[in-house]
Amino acid sequence: MPTALPEAQAAPNRQRQAEAARPILQALARVMVTDRRAVTLASARGEILLANLSSQRLGIDRESLLQHLDWEALCNTARRSGSAAARWQRETHSFEGEVVHVPLGSAEGFLLRLAESDQESTWLRNRARAATLMRVAHDLRTPIQSLLASAEALTRRDGPGLTEETAHRMRRAAGLALDQVSNVLSVIRGEQSLRGGQPDEDFRLADEVTALVALVEPIAAARATEVVLTLETPPDLTLHGPLRFVRALCQNLIDNSVNHGGGRVELRLTAKPLSAALPLSDGAAELWRVQMELSDEGGGLPAEQRARLAEVLARPGDAEGRDITGSDQRPSAGLSVLAHALRQLGGEMTVADRGADGQALPAQSEERVIGTVFTATFTLPRAPALPQPAAEPQGGGALPLAARQILLVEDSPSSRDWITHMLRHAGAEVTSVGSGPEALALLARVEYATRIELVLTDVTLPRMTGIELAARLSRGDPAAALVWRGPVVGLTAHADDRIRAACLRAGMVTVLEKPIQAEDLASGLNAVLSGSAPAPRAAAAGQGGDSPIDAEVSQSLIGQIGVEKARDFMLRALREARQVQTELLRDGIGPDTGRRLHAATGACGLTGLRAIERVLRLTEAEVAVTNPCLEPLCDQLDDALSRTEQAIGELGA
């Protein structure tokens with residue numbers, strides 16, 4: 001966050017900002033007062049700056065803004081892409097709308113505009129669904145084409161036989177295509193949920209682009225096109241942002257050139273850190289500028305097609321649903337998808353002719369054109385780095401997991417960081433990911449497949465359960481460069497007999513139950529790595545008493561990392577539980593509610609927040625019944641959250 005100015009300097013600075021913003025605010029006020037829709041101008045923190053009469057009738061104030069909407073996430077999206085779709089739920093009525101970023105000189109605001117009527121709201125909702133389905137249908141085309149091309153290559157009887165290496169690449173592309181189909185379908189579920197849209201996520205940039213290039217390889221081979229990828233980015237660079245739009249942008253660029261760009265397509269991926277924060281950003285995150293430069297040999301972009309591309313890139317975001325087609329021989333069905341993805345990333349694109357030397361030609365050049373150079377650029381923050389605790393056991397002695405290489409698969413950020421800490425404290429070298437497809441992507445790379453000794457996975461995961469992940473690994477993932485045959489250990493907050501049996505059938509060696517103490521986790525994994533799988537260990541019983549925090553767990557945390565860091569881990573788990581409660585009250589029960597509750601339950605159990613954990617377990621059970629009654633449990637959770645937060649603040653006092 002920006003450093004606070006001394007009061008003597010801050011007052012004149014605020015006055016200058018107010019003077020610069022005043023003409024803009026006056027113009028907005030004149031427009032808002034005549035608008036029959038509910039329109040509210042607010043800051044990123046939710047403070048109301050302006051509100052018209054319709055907005056006041058709906059009762060839109062700071063408290064309701066933060067309660068009904070994921071305001072921070074909407075503001076981040078609007079800041080990046082200009083606007084973000086929003087939905088305001090009031091009793092039985094749902095109002096469609098958008099949040100628009102409004103620069104106010106050196107400050108900024110965010111304009112919430114809601115539909116004027118039910119008819120307009122329905123029209124907006126249907127248009128958004130049509131646009132989503134259009135993008136999804138286009139994104140599904142490439143993985144389906146890849147599957148068909150792979151199947152044709154693997155089953156072809158005429159011509160020269162497949163080499164083992166080529167067959168492996170085809171099988172890997174098929175596996176990637178199936179994962180991409182799953183990813184695209186998850187976009188439908190996310191963008192058509194009550195919340196609208198999917199949250200930003202952490203992803204490894206190089207891995208994503210490499211996987212997309214491998215995905216189109218069967219299509220390229222069928223068209224006798226060579227695809228060359230050059231990576232000029234740290235291999236482990238992890239960014240935070242709308243991964244679905246990064247994939248859509250890259251996939252459309254590659255797919256278009258593979259289908260229509262001649263015999264050789266070159267993709268250069270570059271990522272460099274910015275030396276300073278962007279205007280109006282809070283400066284808290286390290287920003288990276290990403291550039292995708294794609295060059296083909298398709299003879300150059302026809303003038304008519306270039307004009308349509310310029311039109312769709314310049315088109316306002318609210319016209320995203322209209323597709324662009326042409327009469328020339330180079331189809332352009334994906335232009336709207338590409339442009340929408342670019343807008344959501346807050347990026348820009350340039351298009352230039354490619355000369356005989358492979359470089360972009362200057363405008364109006366008379367040199368021979370052999371192809372086209374597309375350059376897409378966008379900026380995203382780097383994902384926060386995991387803590388790097390010292391691996392020193394209490395009391396000295398040998399580290400039980402010294403130099404062991406473990407891959408952790410855990411979707412809860414607070415649980416992932418805490419388990420990583422416990423494993424490193426026991427001497428292990430840990431690589432952590434948040435989903436099964438990410439784990440498979442890592443183990444598909446030789447450098448990871450030859451190094452990882454054990455996979456520790458949560459059982460309840462997004463996109464692919466831990467049981468499905470274990471089954472894929474046990475039968476040999478066809479997308480992998482090598483067949484990884486190490487042990488898989490499950491970790492869950494609900495290890496009943498049915499779940500244990502399913503885990504063991506899928507190929508897991510054993511299942512450990514959350515909450516689990518650091519020494520129990522280390523000894524259990526050490527036994528597995530030594531070839532003597534431990535018997536399933538039940539979760540330790542919490543200490544009695546009225547305290548909302550388990551004293552044994554809290555003292556263990558404090559002994560390992562000190563009071564302040566222990567509080568930080570506990571507060572992260574508490575915030576995760578509070579976020580799940582907010583989503584449940586605001587959105588109701590959705591397809592992902594059970595998993596989100598399960599993740600928060602595990603996080604609270606690991607950090608000793610037993611009062612919250614108990615209510616979350618009851619809530620998990622309740623949402624699974626036909627007619628759940630959640631109001632009493634939400635009241636109990638409110639009480640548990642308040643008492644636990646107070647108890648965390650008193651730790652070490």
Side-chain angles (χ1 to χ4, degrees), residues 236 385-434 438-439 442-443 445 447-459 461 466 469-470 473-474 484-493 495 503 507-540 552-553 555-562 565-566 569 602-603 605-608:
D236 60 347
L386 289 175
Q388 302 289 331
E392 294 292 339
Q394 292 180 335
L399 296 168
L401 296 175
R404 292 295 198 175
Q405 302 284 341
I406 295 175
L407 174 60
L408 171 64
V409 190
E410 170 61 68
D411 58 317
S412 163
S414 53
S415 292
R416 184 167 61 241
D417 287 1
W418 177 239
I419 296 171
T420 296
H421 167 84
M422 288 196 291
L423 295 174
R424 287 177 176 162
H425 188 79
E429 296 184 21
V430 185
T431 303
S432 62
V433 295
E438 288 180 87
L442 281 185
L443 293 174
R445 295 166 55 181
E447 62 267 32
Y448 285 97
T450 55
R451 179 167 60 83
I452 296 297
E453 299 176 75
L454 179 145
V455 171
L456 176 63
T457 178
D458 190 22
V459 173
L461 293 169
L469 172 62
L473 293 174
S474 65
W484 186 84
R485 294 297 190 189
V488 180
V489 175
L491 190 63
T492 180
C503 290
M508 291 187 188
V509 175
T510 188
V511 182
L512 303 175
E513 188 171 356
K514 303 174 188 174
I516 188 169
Q517 296 291 327
E519 56 271 20
D520 293 336
L521 178 63
S523 63
L525 298 186
N526 183 49
V528 171
L529 289 165
S530 301
S532 55
R537 183 187 299 270
E552 183 180 354
V553 174
Q555 290 306 311
S556 176
L557 285 174
I558 293 171
Q560 291 183 51
I561 57 179
K565 289 186 177 179
F569 272 112
L606 284 170
T607 50

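Here T457 contributes atom OG1 and L469 contributes atom CG; the two are 5.0 Å apart, rounded to the nearest 0.5 Å. Atom CG of L525 and atom CG of L512 lie 6.0 Å apart (nearest 0.5 Å). Rounded to the nearest 0.5 Å, atoms CD1 (I516) and CG (L521) are 5.0 Å apart. E410 contributes atom CD, which lies 7.5 Å from atom CG of L606 (distance to the nearest 0.5 angstrom). Between atom CD1 of residue I558 and atom NZ of residue K565 there is a gap of 14.0 Å, rounded to the nearest 0.5 Å. Rounded to the nearest 0.5 Å, atoms SG (C503) and CG (L491) are 10.5 Å apart.
Of the possible donor and acceptor atoms, one in the side chain of T607 sits under 3.5 Å from a partner among the backbone N and O of A603. A distance-only check finds a donor-acceptor pair linking the side chain of R485 to the backbone of S474 [under 3.5 Å]. Under a 3.5 Å cut-off, the side chain of R404 and the backbone N or O of A428 do not form any donor-acceptor pair. A donor-acceptor distance shorter than 3.5 angstrom exists from the side chain of E453 to the backbone of Q405, with no hydrogens or angles considered.
Closest approach of L443 and A449 over heavy atoms only: O-CB, 3.4 Å. Listed here is the closest heavy atom pair of V455 and L473: CG2-CD1, 4.3 Å. Smallest separation of non-hydrogen atoms from R451 and T431: NH2-OG1, 3.9 Å. Considering every non-hydrogen atom in both V489 and M508, the closest pair reads C-SD, 4.4 Å. Closest approach of L461 and G434 over heavy atoms only: CD2-O, 4.3 Å. Residue I452 comes nearest to W484 through the heavy atom pair O-NE1, 2.9 Å, listed as atom of the first residue, atom of the second, then distance.
Looking at heavy atoms from C-beta onward, L557 lies in side-chain contact with W418 at the 4.5 angstrom threshold.
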Exercise. Just do the side-chain contact (heavy atoms from CB on, under 4.5 Å) check on L399 and H425 with the steps written out, would you?
Key: CA-CA 8 Å; L399 296 168; H425 188 79; over 6 Å; no

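Under the side chain to side chain contact (heavy atoms under 4.5 Å, CB included) test applied with L454, the options L529, L401, V488 reduce to a single match, L529.
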